[in-house]
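Okay, structure first, notes after.
The first residue of the sequence shown is numbered 1, and numbering continues consecutively from there.
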Amino acid sequence: EQSDQIELFETKLCLNGWSLGPIEPNKFQGCDIVKRARITDSLIRHQLFDGVFYAIGSENNELACTSPIHGIRAIKGKDRLEMLICFHCHNFRGISTVGRFGGSFSSAPKELFEKLLSEP
């Protein structure tokens, strides 16, 4: 929540999500970016993080499939966190400067993601 920079992404189908390589201009987790949105408004950032935290804590899914096309990147100083999210299969995987993580993810914030990614 205290990140200096927050970005949302819609990518082409992305099966990566376990590496934290250099940031590439037109890619997220090595996948081609279709849409992106930088989140600067503090109220929207709060809503977004509430939705993400709820989505991680409220879903109990054991599906093995994944076809993520959404992502989020948070940067604070030299630390970075990136998550690939599959709203269809209700799961996510992520990587940060601390390590890998992943799990179930509800579709609760999907509408907000899509709204923010559709704004000019």
Side-chain angles (χ1 to χ4, degrees):
E1 284 185 86
Q2 304 303 316
S3 299
D4 301 326
Q5 180 182 336
I6 305 288
E7 277 187 287
L8 292 182
F9 299 91
E10 181 180 319
T11 66
K12 292 185 178 177
L13 179 62
C14 192
L15 300 176
N16 296 332
W18 295 117
S19 67
L20 200 60
I23 295 174
E24 300 176 77
N26 296 313
K27 296 196 180 278
F28 175 74
Q29 283 290 306
C31 303
D32 294 328
I33 294 171
V34 175
K35 298 177 188 175
R36 74 187 323 152
R38 184 167 284 181
I39 311 303
T40 56
D41 180 272
S42 61
L43 178 61
I44 297 209
R45 286 170 67 122
H46 182 71
Q47 290 174 335
L48 178 63
F49 278 106
D50 279 353
V52 168
F53 293 146
Y54 177 80
I56 291 170
S58 66
E59 185 74 21
N60 188 13
N61 170 15
E62 296 182 18
L63 293 175
C65 70
T66 190
S67 51
I69 62 166
H70 289 91
I72 187 168
R73 175 185 291 144
I75 299 173
K76 172 102 175 134
K78 293 182 180 182
D79 293 326
R80 187 169 98 217
L81 174 142
E82 295 184 353
M83 292 171 52
L84 273 169
I85 300 163
C86 180
F87 287 114
H88 177 72
C89 298
H90 300 279
N91 57 37
F92 77 99
R93 61 179 166 239
I95 184 84
S96 74
T97 49
V98 176
R100 294 180 184 188
F101 56 98
S104 297
F105 199 90
S106 83
S107 59
K110 182 179 181 183
E111 189 175 308
L112 179 59
F113 267 64
E114 291 175 347
K115 176 183 180 270
L116 294 171
L117 286 165
S118 69
E119 293 177 351

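Leu117 CG to Ile69 CD1: the interatomic distance, rounded to the nearest 0.5 Å, is 9.5 Å. Taking CZ of Phe105 as the reference point, atom CG of Leu84 lies at 11.0 Å (rounded to 0.5 Å). Atom CD1 in Ile39 sits 7.5 Å away from atom CD1 in Ile72 (nearest 0.5 Å). Separation of atoms CG (Leu8) and CD1 (Ile44) is listed at 10.0 Å; rounding is to 0.5 Å. Note that OG of Ser42 and CD of Gln47 are 10.0 Å apart. Values are rounded to the nearest 0.5 Å. Rounding to the nearest 0.5 angstrom, the gap separating the CZ atom in Arg36 from the CD1 atom in Ile33 is 4.0 Å.
Under the 4.5 angstrom side-chain criterion for Ile, Leu, Val, Met, Phe, Trp and Tyr, the cluster partners of Ile23 are Ile75.
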Intermediate values then yes/no, side chain to side chain contact (heavy atoms under 4.5 Å, CB included), Ile95 and Met83: CA-CA 7 Å; Ile95 184 84; Met83 292 171 52; over 6 Å; no
With side chain to side chain contact (heavy atoms under 4.5 Å, CB included) as the test, would you mind laying out the steps for Asn91 and Ser104 before giving the verdict? CA-CA 4 Å; Asn91 57 37; Ser104 297; 5.6 Å; no
Stepwise side chain to side chain contact (heavy atoms under 4.5 Å, CB included) test for Ser107 and His90: CA-CA 7 Å; Ser107 59; His90 300 279; 3.9 Å; yes
Chi angles and distances behind the side chain to side chain contact (heavy atoms under 4.5 Å, CB included) call for Ile6, Arg38: CA-CA 6 Å; Ile6 305 288; Arg38 184 167 284 181; over 6 Å; no
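Between Thr40 and Arg45, the closest heavy-atom pair is O-CD, 4.0 Å. The shortest non-hydrogen separation linking Lys27 to Arg73 is O-NH2, 4.0 Å. The shortest heavy-atom contact between His88 and Ser67 is CD2-OG, 4.3 Å. Shortest non-hydrogen contact noted between Phe113 and Gly71 is CE2-O, 4.1 Å. Residue Thr11 comes nearest to Cys31 through the heavy atom pair CB-CB, 4.1 Å, listed as atom of the first residue, atom of the second, then distance. Counting all heavy atoms, side chain and backbone alike, Ser106 lies closest to Pro109 at O-CD, 3.7 Å.
The side-chain hydrogen bond (donor to acceptor under 3.5 Å, both in side chains) search around Glu10 returns none, not counting sequence neighbours. Not counting sequence neighbours, Glu111 has no partner by the salt bridge (charged side-chain N to carboxylate O under 4.0 Å, His left out) test. Remark: Asp4 pairs with Lys76 by the salt bridge (charged side-chain N to carboxylate O under 4.0 Å, His left out) rule, at least two apart or across chains. Lys35 is linked by a side-chain hydrogen bond (donor to acceptor under 3.5 Å, both in side chains) to nothing, counting only residues two or more places apart in sequence or in another chain. Residues meeting the side-chain hydrogen bond (donor to acceptor under 3.5 Å, both in side chains) test with Thr97, sequence neighbours left out: Asp79.
Between Phe87 and His70, the ring centre distance stays below 6.0 Å.
Cluster membership check: Phe101 shares its hydrophobic cluster with Phe53, using side-chain heavy-atom separations under 4.5 Å among Ile, Leu, Val, Met, Phe, Trp and Tyr.
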